[in-house]
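We name chains A, B, ... by the order of the sequence lines, and we start the count at 1 in each one.
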2 protein chains.
Amino acid sequence: MSALTNAIDILRCFSTTRPDLSFADVQVLTGKPKSSTSRLLRSLRDCGLLEQDPHSRRYRPGLLTFELGRLHRAHDDLLAIAERELRDVCARTGHTGYIAVLDGYQQVVLRIVPGSNPLRVVNPPGQRTPAIVTSNGRAMLARLSDQDIRARVPLDYPKVPANSPQNFNELMARLNEIRRTGISDAADEAIEGVGSQGFALASGESGELIGIAVSYSVQATTEIERANVRRELNAMAAKLRRMTGDPLGQTIEQLAGLAS
Amino acid sequence: MSALTNAIDILRCFSTTRPDLSFADVQVLTGKPKSSTSRLLRSLRDCGLLEQDPHSRRYRPGLLTFELGRLHRAHDDLLAIAERELRDVCARTGHTGYIAVLDGYQQVVLRIVPGSNPLRVVNPPGQRTPAIVTSNGRAMLARLSDQDIRARVPLDYPKVPANSPQNFNELMARLNEIRRTGISDAADEAIEGVGSQGFALASGESGELIGIAVSYSVQATTEIERANVRRELNAMAAKLRRMTGDPLGQTIEQLAGLAS
DNA sequence: GCACTAGGTTCCGCAAAATGGAACAGACGG
DNA sequence: CCGTCTGTTCCATTTTGCGGAACCTAGTGC
């Protein structure tokens, strides 16, 4: 274990639910001896990755992380193009749009497009969620090889909401369904009463993968409205796949060509 | 030099003007041997602080920095309170608002409130600028002890625009003026044709220091309008200093009490 | 086909830094 | 005044990181 690894382990303790931590919190979360914790926290503070509140003495991510985070234009073209299209769809439908990426078996929200409907934004950018309980998370997983999926999902399958796939076989069944239809959906999973539909978009040249979803209240939408969302997403997916050279888009167009 | 220091040195090579770097760029900027550069870049990539574009092989800040950056001062009340007040002022005046913090002798933009006037935002969040050439940068410096200021400004005084203080004595003269009036201004310094006025706000309990400024086109504003901005800022400063327990606010109120 | 170069990785002996148990220190609470 | 809770400093031991040199791989010129 390198010094850097230990430092990163501390940084990874911070999250939206735990935006600041005390010395003791860090010690418990990392399981390191007091002396090591003390030394590492001081190093991280001195170099700007952490700040320490002078009053409460609690630690939080520092100025350097803010600066670097602003520079993270990861997947810039892909992300920018997708975001523009998503804005259009959200403006038309009034629902809230999400763009996320996969990290291990979790997804991380990168962008949000607030809708005009009064469903408050529940997942701010930076939020981590197991990919298996969201529509675009599953859409991204569906684009990976079965072997890769198996490697990402923890061996003891996590406890998930009732409507989510309860075990690896159920998960694979839903992923295969997504592979067939190209669109993924979810309802009453990560958040009660919230549904979403999404798809995954890959860049043809870089192979980057992002998930795009539209989210709405299950109660406040009709089946007709949800079908409309599905149409919008299919249109957006087709357009984006053409624009970005997504190999899946080419496959779909070939199939369409054969059928006609 | 610890391993962490070397890693941070690499991270600090990235900036708004250099959002991504090649292996060779990093090697030149850090001056480290190839082997060390190679090892460090791999470590940083593996732990998520950097990403590598699979096509161009260039490096850029990674997902982890994005996540941590979102958490930076997520909870900070000083910043949140100041931002809300600044929004009001910007809505009334139409100008663009900035909130920044001091880091050494540079300031880093934390928040921007775009105005309705068509002056494009020139300093995105994360932007670094020498504090001595901006209104709120100088306002923050003015709140420090002379000794602290001297320690922060480089020994060989940097080359600055014509309207900025040209040497340490001129700088101290302007800082003393700010200490007297409570408001700082700048015109045609960091950016040609752009002026700004600002002040510094300290939290009474934590001692944190932020700079708040309103920026406008020098050509497109009249002296009357700029006097109006000054009034708005003075009102905002007084209100915020009361709300946050800024010790300077108490001093000013004491003086006012003595005078009456 | 061959030499040359740019860009990057791997190897390895040595020096330097991280590690963590234990002793120490400050702040509260009774 | 003593215990406790929190965090820091010390120091012998171990592990890492370090960087020069060798090596590897593509591309380029001829």
Side-chain angles (χ1 to χ4, degrees), chain A residues 1-14 18-62 64-65 68 74 204-208, chain B residues 1-15 17-62 64-65 68 71 75 203-208:
Chain A
M1 243 193 230
S2 71
L4 188 60
T5 311
N6 285 327
I8 298 302
D9 284 347
I10 289 185
L11 292 180
R12 289 203 183 274
C13 294
F14 295 88
R18 281 195 240 98
D20 64 343
L21 297 170
S22 70
F23 180 101
D25 293 337
V26 175
Q27 205 197 328
V28 169
L29 288 167
T30 60
K32 290 272 165 198
K34 282 195 298 182
S35 54
S36 302
T37 307
S38 181
R39 218 170 345 96
L40 283 167
L41 282 175
R42 187 181 13 200
S43 303
L44 288 168
R45 170 160 51 80
D46 290 349
C47 76
L49 283 173
L50 289 183
E51 292 174 353
Q52 188 171 23
D53 184 295
H55 179 60
S56 69
R57 304 180 55 71
R58 292 173 72 81
Y59 295 87
R60 62 186 176 211
L64 181 58
T65 67
L68 293 170
E205 58 182 32
S206 68
E208 294 164 297
Chain B
M1 236 186 236
S2 70
L4 189 59
T5 311
N6 285 327
I8 298 304
D9 284 347
I10 288 185
L11 292 181
R12 288 204 185 274
C13 294
F14 294 88
S15 67
T17 53
R18 282 195 239 100
D20 65 343
L21 297 170
S22 69
F23 180 101
D25 294 336
V26 174
Q27 206 197 325
V28 169
L29 287 166
T30 59
K32 291 271 169 196
K34 284 196 297 182
S35 55
S36 302
T37 307
S38 180
R39 218 172 344 95
L40 283 166
L41 282 175
R42 184 178 12 188
S43 302
L44 289 168
R45 172 160 49 82
D46 290 350
C47 76
L49 284 173
L50 290 183
E51 292 175 353
Q52 188 171 23
D53 186 295
H55 179 59
S56 69
R57 304 182 54 74
R58 292 173 71 82
Y59 294 87
R60 61 189 175 211
L64 181 57
T65 68
L68 293 170
L71 299 176
H75 73 294
S203 156
E205 57 182 32
S206 68
E208 290 167 299

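At the phosphate of D:dA26, neither OP1 nor OP2 sits under 4.0 Å from any side-chain N or O atom of B:R57. When the side-chain nitrogen and oxygen atoms of B:R42 are compared with OP1 and OP2 of C:dT10, one or more of them lie within a distance under 4.0 Å.
Between B:P61 and B:P19, the closest heavy-atom pair is CD-O, 3.5 Å. Of all heavy-atom pairs spanning A:C13 and A:T30, the tightest one is SG-CG2, 3.9 Å. The minimum heavy-atom distance between B:R57 and B:Q52, with the atom names listed, is O-NE2, 3.1 Å.
Between atom CG of residue A:L49 and atom CG of residue A:L40 there is a gap of 12.0 Å, rounded to the nearest 0.5 Å. Distance check: A:E51 CD to A:L64 CG gives 10.0 Å after rounding to the nearest 0.5 Å. In this structure, OG1 on A:T5 lies 12.0 Å from CD1 on A:I10, to the nearest 0.5 angstrom. Residue A:S22 holds its OG atom at 12.0 Å from CG of A:D53, rounded to the nearest 0.5 Å.
Rounded to whole angstrom, the span from the NZ atom of A:K34 across to the P atom of C:dA23 amounts to 12 Å. Rounded to a whole Å, the CG atom of B:L41 is 15 Å from the C1' atom of C:dT10. In this entry the distance linking CZ of A:R45 with P of D:dG7 reads 12 Å, nearest Å. At whole-Å resolution of the value, CG in A:L21 and P in D:dT6 are 15 Å apart.
The terminal axes of the helix from C:dG1-D:dC30 to C:dG30-D:dC1, fitted over 5 pairs per end, subtend an angle of 40° to the nearest 10°.
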The test is side-chain contact (heavy atoms from CB on, under 4.5 Å); show your working for A:K32 and A:N6 and say whether it passes.
CA-CA 9 Å; A:K32 290 272 165 198; A:N6 285 327; 3.4 Å; yes
Does the protein touch nucleotides 14-20 of chain D at the base, only the backbone, or not at all? Give it as B, S and - per nucleotide, heavy atoms under 4.0 Å.
--SSBBB
